[in-house]
Amino acid sequence: MPSIRVWDLPTRVFHWALVFCVVGLVITGNIGGNAMVWHFRMGYTVGALVLFRLLWGFWGGYWSRFSHFPVGLRTLIAYLRGRAAPIVEVGHNPLGSLSVFAMLAVLAAQVSTGLMSDDEIAFQGPLTRFVSETTVSAATHYHTEVGKLLLIALVCLHVGAVIYHQRVKRHPLVQAMIRGDKPVDPALQPPAAADGVAQRLLALALFGICAGFMAWVAALGR
């Protein structure tokens with residue numbers, strides 16, 4: 001089957017950068033000590049990435065926009081029953097769409113609580129001085145216990161779903177997220193995602209704003 005551009009370059013860079021940072025966060029968080037310096041740096045990076053993805057959900061390529069995520073209840077039920085229209089498999093399918101929202105929500109909570117956490121040894125988030133000790137304690141507990149386990153569970157579910165679709169359903173999800181293109185039945189007449197120079201410059205500008213905001217937040221703790 002012919003291929004079309006499904007995932008624009010900014011979406012793909014976001015995805016793989018997030019993978020790298022989340023893995024790095026789990027490793028550095030468990031190591032502790034001086035590794036926490038990199039834990040904070042990658043945490044700020046994840047914050048910028050999440051903010052960018054939220055914006056890109058409105059201005060990104062066709063299949064990256066939240067408005068084109070098939071998350072309606074009827075569509076979800078039809079998908080679970082194996083009766084969904086083939087078009088829902090072009091971008092994120094209904095379960096994949098819900099997974100994206102869940103991942104962004106959990107990451108946003110993890111970053112937010114990390115900004116208010118204190119290990120009571122040498123490292124504390126830049127917002128700890130703006131909130132009460134009770135809030136710091138609650139944020140630290142969530143960040144180091146609840147949120148971390150929830151994030152790891154979501155990552156495991158995501159990897160398992162990708163393996164299932166890749167091996168069992170023969171959907172080239174990994175290849176599509178690397179190259180951007182995906183083989184699609186032309187009878188569906190799906191629109192291709194915009195991925196030109198203008199689109200990429202817009203993404204760069206948006207990420208620059210998000211990174212600048214996180215840099216400002218980080219500076220509050222100095």
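Note that these values count all heavy atoms, side chains included, but never hydrogens, waters or copies made by symmetry.
- Phe52 pairs in a side chain to side chain contact (heavy atoms under 4.5 Å, CB included) with only one of the listed residues (Val13, Leu18, Leu206), which is Leu206.
- Among residues two or more places apart in sequence or in another chain, the side chain to side chain contact (heavy atoms under 4.5 Å, CB included) test is passed with Phe213 by Leu51, Trp216, Val217.
- Below 30°, between 30° and 60°, or above 60°: for Phe58 and Phe66 the angle between ring planes is above 60°, a perpendicular geometry.
- For the pair Leu173 and Lys182, the minimum side-chain heavy-atom distance is below 4.5 Å.
- Counting heavy-atom neighbours within 6.0 Å of His171 NE2, excluding the residue itself, gives a total above 12.
- Side-chain contact between Val174 and Gln166 is present, with at least one heavy-atom pair separated by less than 4.5 Å.
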Under the side chain to side chain contact (heavy atoms under 4.5 Å, CB included) rule, what do Thr11 and Asp8 come out as? Steps first, then yes or no, please. CA-CA 5 Å; Thr11 298; Asp8 51 63; 2.7 Å; yes

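- Of all heavy-atom pairs between Leu154 and Ala102, the closest is CD1-O, 3.8 Å.
- Trp7 and His92 have tilted rings, their planes meeting at an angle from 30° to 60° on a 0 to 90° scale.
- Think of Leu149 as one node in a network of Ile, Leu, Val, Met, Phe, Trp and Tyr side chains linked at under 4.5 Å; it has no links at all.
- Considering every non-hydrogen atom in both Pro190 and Val184, the closest pair reads CG-CG1, 3.3 Å.
- Phe207 places none of its side-chain heavy atoms less than 4.5 Å from the side chain of Phe14.
- A pairwise comparison of heavy atoms in Ser97 and Val71 identifies CB-CG1, 3.4 Å as the closest pair.
- Of the candidates Val50, Leu55, Leu49, Leu54, Cys210 forms a side chain to side chain contact (heavy atoms under 4.5 Å, CB included) with just one, namely Leu55.
- Side-chain atoms of Thr135 and Ser132 form a donor-acceptor pair, as typed in the model, at a separation below 3.5 Å.
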